[in-house]
Undergrad: 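Please see the structure below; I have some questions.
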Amino acid sequence: MKIATITSSNVSGLKVFKPIQYLYVVGCSKEELAKAKLRARLVNSETGRVDEIIPLLGLDVLGEITSMNEGFFVRDKANDGAGYGEKFCVNVMLHPTSAVYLSNDKFLEIDIEGLEYVPSMGETAVYGIESPVIDKEFMCRYNKFYMASGELQKTFSVGENENLILPRYNFEEVCLQYKNGSSCTYTLAELEAMMMLKNDVVSVPMCGLTRVQIDNESGTFDNLTINFGYASLFGLDVAEVDNFTIRRTYGDSAFELVMMDTIKE
């Protein structure tokens, strides 16, 4: 289901009234993918309640989070004869197994910023991917947390969150304190090993010409680099974790992480 064709760099207030499982943004250049951000709100017009289910997050971040279980969907159109240049497609998960319930009274509102729309590059559009199974109660919510510049250690409470997403830079280790009283500490090297055991291909950055087929999608790519397990993010299951502590040696910049929970609509 096409939600909208994007014809400007920033769009706001795109509305979705039909149940969908994923948002699908098609037609981003590599440069746009690194800059573009998406926000989504669940609006209940009957009660006036508005829940921000996706804060303003990079499309590359949202795409990799979704890919951690399903595989990163990417297509290069540079050599398909259309002359559009390389274009990426990104899935953004709203529910891991089902469509989320939406209607005229309870709908999604979506904003996208920083696409740097270029008409000559072909269509950029947003789709909603439907599912025959609809969950009328729950949906995913993405939550942002921070360490300020100068902070070298900080403990975060997990609360109702189930997944922790950490960028693979600017920290040295994470210590997870479990609800049963045990704890585990992981360095960056250990997290890399864990992600390679857990995840499949998650990213195909483009940069000579290599023919590749992944999940029945084929294309000719420049200087292909395939990342197994992770590209720029680590994903951890924290459903049984009470809190965790991030430690870093240098705090010359702020540190942003994402946790995900499910909310009742």
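Counting begins at 1 with the first residue of the sequence. What you see is a predicted model, and the numbers here were worked out from it, not measured in a lab.
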Undergrad: Might you point out which heavy atoms bring Ala99 and Pro19 nearest each other, and give the distance in Å?
TA: CB-C, 3.9 Å

Undergrad: What are the two closest heavy atoms between Val158 and Val241, and how far apart are they?
TA: CB-O, 3.4 Å

Undergrad: Main chain of Asp135, side chain of Ser98: is a donor-acceptor contact present, judged purely on distance under 3.5 Å?
TA: no

Undergrad: Under 4.5 Å between side-chain heavy atoms, counting indirect links through other Ile/Leu/Val/Met/Phe/Trp/Tyr residues: same cluster for Leu94 and Val50 or not?
TA: no

Undergrad: What's the shortest heavy-atom distance between Glu130 and Met1, and which atoms?
TA: OE2-CB, 3.7 Å

Undergrad: Any donor-acceptor pair under 3.5 Å linking the side chain of Lys144 with the backbone of Leu56?
TA: yes

Undergrad: So do Tyr169 and Ser232 actually touch side chain to side chain, heavy atoms under 4.5 Å?
TA: no

Undergrad: Measure from the side-chain N and O atoms of Ser12 to the backbone N and O of Asp111, and report whether any donor-acceptor pair falls under 3.5 Å.
TA: no

Undergrad: Determine whether Leu164 and Met259 make a side-chain contact, defined as any pair of heavy atoms from C-beta on separated by less than 4.5 Å.
TA: yes

Undergrad: Kindly write out the residues that satisfy ring pair (Phe, Tyr, Trp, His ring centres under 6.0 Å) with Tyr146, not counting sequence neighbours, or none if the list is empty.
TA: none

Undergrad: Would you check if Phe244 and Leu257 make a side-chain contact, meaning some heavy-atom pair closer than 4.5 Å?
TA: yes

Undergrad: Any side-chain to backbone donor/acceptor pair from Glu64 onto Leu233? Under 3.5 Å, distance only.
TA: yes

Undergrad: Test Leu102 against Leu42 for side-chain contact (heavy atoms from CB on, under 4.5 Å), laying out the working first.
TA: CA-CA 9 Å; Leu102 300 172; Leu42 179 64; 3.8 Å; yes

Undergrad: Taking Val43 as the starting point, is it possible to reach Leu108 by hopping between hydrophobic residues whose side chains are less than 4.5 Å apart?
TA: no

Undergrad: Check this for me: does any side-chain nitrogen of one of Glu172 and Arg248 sit under 4.0 Å from a carboxylate oxygen of the other?
TA: no

Undergrad: How are the rings of Phe17 and Phe107 set to each other: parallel, tilted or perpendicular (split at 30° and 60°)?
TA: tilted

Undergrad: Phe234 versus Glu192: any side-chain heavy-atom pair under 4.5 Å?
TA: yes

Undergrad: If you look at every heavy atom in Val92 and Thr66, which pair is closest and at what distance?
TA: CA-OG1, 3.5 Å

Undergrad: Kindly determine whether Glu113 and Lys37 satisfy salt bridge (Lys or Arg N to Asp or Glu O under 4.0 Å), including the steps that lead there.
TA: CA-CA 5 Å; Glu113 299 180 3; Lys37 296 183 178 183; over 6 Å; no

Undergrad: When you compare the side chains of Asn170 and Ser253, does any donor N or O come within less than 3.5 Å of an acceptor on the partner?
TA: yes

Undergrad: Sequence neighbours excluded, which residues qualify as ring pair (Phe, Tyr, Trp, His ring centres under 6.0 Å) partners of Tyr142?
TA: none

Undergrad: What distance do Leu62 atom CG and Met93 atom CE have between them, rounded to the nearest 0.5 Å?
TA: 10.0 Å

Undergrad: If you compare all heavy atoms of Tyr101 against all heavy atoms of Lys106, which two are closest, and at what distance to 0.1 Å?
TA: O-CD, 4.4 Å

Undergrad: Which atom pairs, donor and acceptor, lie under 3.5 Å between side-chain atoms of residues 173-181 and protein residues at least two apart or in another chain?
TA:
residue	atom	partner	partner atom	Å
Glu173	OE2	Arg247	NH1	2.7
Gln177	NE2	Gly181	O	3.1
Gln177	NE2	Ser182	O	3.4
Lys179	NZ	Ala239	O	3.2
Asn180	OD1	Ser182	N	3.0
Asn180	OD1	Ser182	OG	2.7

